[in-house]
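Heavy-atom basis, side chains included; hydrogens, waters and symmetry copies ignored. Chain identifiers are assigned alphabetically (A, B, ...) following the order of the sequence lines, protein sequences preceding nucleic acid strands; residue numbering begins at 1 within each chain.
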Protein chains: 2
Amino acid sequence: MESFKLFLKSIVPLSDQEFEKYSPYFKTRTLGRNSYFAEIGKTSHEAAFIKKGLLRTYYVNEKSEEVTSCFCTENNLTASYKSFISQQPSELSIQAVEDTQLITISYNDLQTLYQKSPLWQNIGRSIAERQYMVMEQYASVLCNETAKEKYMRMLKEQPAVVNKASVNDIASYLGITRRTLSRIRKEISL
Amino acid sequence: MESFKLFLKSIVPLSDQEFEKYSPYFKTRTLGRNSYFAEIGKTSHEAAFIKKGLLRTYYVNEKSEEVTSCFCTENNLTASYKSFISQQPSELSIQAVEDTQLITISYNDLQTLYQKSPLWQNIGRSIAERQYMVMEQYASVLCNETAKEKYMRMLKEQPAVVNKASVNDIASYLGITRRTLSRIRKEISL
DNA sequence: TAGCAAAAAGGACAAATGTCCTCGAATTTA
DNA sequence: TAAATTCGAGGACATTTGTCCTTTTTGCTA
């Protein structure tokens, strides 16, 4: 739970006592490689902090292809946010790329925390703001770079993900084809 | 203020009395065509609801080109969120595409509201969540569609913006060049 | 450890998009 | 209102990226 406490502290001021007080609401869980934290069509009742491991979120487009929309990495959160927040069926699946340890909270427990304490209202808001800023960055940058620029950026900013994820998933994450990614890798290696 | 009240009510349960109670914190302001609501390098101390008009947010990339990252439309919010939330210099400019009427709140007043009332904590959190979901949609969709698909989507989902904004701004918003957009328009008109 | 299946690399060609340019129409400014 | 400037359309060509396919490599399992 230590890393999760540090994560929360990076978002809001939080004493160790306060953290202890609320920690019973959080559960630890392990997810084996390729198993799912959320699935398309099912309502997502949990959000999670990633203690160790890697997940990818994906949706399925009109051509029935899986499109990886996000890699969720250690010491960050993961959730099918839209589904979790609205308690509607998920448009995303979230799958473990490798064995992954999670610290989870249920939707109901989180609502309880919101009611119990303005501290949690504050945490909830700050996290939503934070997620938004990350997504804004991702969106504006990825849409205006070439395939090579995008891959170079990913190599620099998420080297661990590049090592662990499949070529297919990396390519769809960058919005390019396998073939293009293969060409770029070749070019870089020269 | 009526449209703003409706906007808030669509997010959280809110009585007319409550709205009246807090409305003194909000100011009305008009922004002439091409003038700025936020500027790169300056810390943004206000967020706004757009009563009437249209704005675009843009950043400047390494090639010194303006890249339009968002069109902010009537009955929605606008802000250089990252700057406003963190009170750090803005990486975005926000410029009026046409004469625009805004309902604004200052950072300090918003913090006061957060402290005064859990209602506002809730509004703040819900808005951040909402912005996040919009951005998520934008990001995942735009990165995996062709130039034509993106433009057709925009025509369908934001016809008013297509009519008002310049070709340059629309192209950079879609992550394509003017030339490509010109070709697509030609093709569609046949 | 041999054989199989899945993943990645890459060849050949087609299509999409970008670059650089010119031209004419629309809009602003003196 | 004339001149100047901006803006959008589009030609010609270069480059990038995609498509479809085969080959090679990797990793798993019997």
In whole angstroms, the gap separating P of dA7(C) from CG of Asn34(A) amounts to 10 Å
Rounded to whole Å, the CZ-C1' distance (Arg185(A) to dA8(C)) equals 9 Å
Of dG10(C), dA8(C), dC20(C), the nucleotide closest to the side chain of Arg179(B) is dC20(C)
From CD1 of Ile170(B) across to C1' of dC7(D) the rounded distance in Å is 13 Å
Rounded to the nearest 0.5 Å, the NZ atom of Lys5(A) sits from the CG atom of Asp16(A) at a distance of 3.5 Å
d(Trp120(A) CH2, Ser126(A) OG) to nearest 0.5 Å is 11.5 Å
| message | Using a 4.0 Å heavy-atom cut-off, does Leu181(A) contact any base of the nucleic acid, only the sugar-phosphate backbone, or nothing at all? | response | nothing
Asn168(A) atom CG is separated from dA9(C) atom C1', nearest whole Å, by 13 Å
Of the candidates dT28(C), dT17(D), dG18(C), the side chain of Thr180(B) sits closest to dG18(C)
Of Val167(A) and Arg178(B), the one whose nearest nucleotide on DNA chain C sits closer to the 5' end is Val167(A)
Out of dA8(C), dT17(D), dG10(D), minimum distance to the side chain of Ser182(B) belongs to dG10(D)
- Item | Aromatic contact, Tyr173(B) with Tyr138(B) (centres under 6.0 Å) | yes
Ile184(A) CD1 to dT16(D) C1', in whole Å, measures 10 Å
DNA chain C nearest-nucleotide lookup for Arg33(B) and Ala165(A): closer to the 5′ end is Ala165(A)
Atom NZ of Lys148(A) and atom P of dT16(D) are separated, to the nearest Å, by 9 Å
(request) List the steps, then state whether side-chain hydrogen bond (donor to acceptor under 3.5 Å, both in side chains) holds for Thr104(B) with Arg29(B). (result) CA-CA 7 Å; Thr104(B) 64; Arg29(B) 186 141 74 87; 4.8 Å; no
Of the listed dT17(C), dT17(D), dT28(C), the closest approach to the Ala147(A) side chain comes from dT17(D)
message = Classify Lys186(B) by what it touches in the nucleic acid, base, sugar-phosphate, or nothing, heavy-atom distance under 4.0 Å.
response = sugar-phosphate
Arg183(B) CZ to dA16(C) P, in whole Å, measures 10 Å
From CD of Glu145(A) across to C1' of dG18(C) the rounded distance in Å is 16 Å
Correct closest heavy-atom pair for Asn75(B) and Lys51(B) would be OD1-O, 4.5 Å
